[in-house]
Q: 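Mind having a look at this structure? Questions to follow.
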Amino acid sequence: MTTKSIPELLRRSLESHMAESDLREDEEMRELLSKLNNLSSKVAAAKAQVLARRTQVKK
């Protein structure tokens, strides 16, 4: 089971609100979504690094 990171959950929530027309897509929103994508990528990389280290320690 994979869990979503907080930045990923927030990004999906904002996209859902935009789809429902609660929020509008403007330059500020695109910038925020871009930053959340970047942060989500960093979280995924850090998580992968931790899992790799755990695997090495168990050997």
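Keep in mind that the numbers below use all heavy atoms, side chains included, and drop hydrogens, waters and symmetry copies.
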Q: State, with a plain yes or no, whether a side-chain heavy atom of Glu25 is found less than 4.5 Å away from one of Arg30.
A: yes
Q: I need the Met18 CE to Glu15 CD distance, nearest 0.5 Å.
A: 5.5 Å
Q: Clusters formed by hydrophobic residues whose side-chain heavy atoms approach within less than 4.5 Å: which one holds Ile6, and what are its other members?
A: none
Q: For residues Leu36 and Leu9: do they belong to one hydrophobic cluster (side chain heavy atoms under 4.5 Å, members Ile, Leu, Val, Met, Phe, Trp, Tyr)?
A: no
Q: Tell me which donor-acceptor pairs under 3.5 Å the side chains of residues 37-44 have, and how far apart each pair is, sequence neighbours excluded?
A:
residue, atom, partner, partner atom, Å
Asn37, OD1, Arg11, NE, 3.1
Asn37, ND2, Leu33, O, 3.4
Ser40, OG, Glu8, OE1, 3.3
Ser41, OG, Asn37, O, 3.1

Q: With side chains defined as the heavy atoms from C-beta onward, is the minimum distance between Asp26 and Met29 less than 4.5 Å?
A: yes
Q: Atom CG of Leu51 and atom OG1 of Thr55: how far apart are they, to the nearest 0.5 Å?
A: 6.5 Å
Q: Working to the nearest 0.5 Å, report the span between CD of Glu28 and CG of Leu23.
A: 10.5 Å
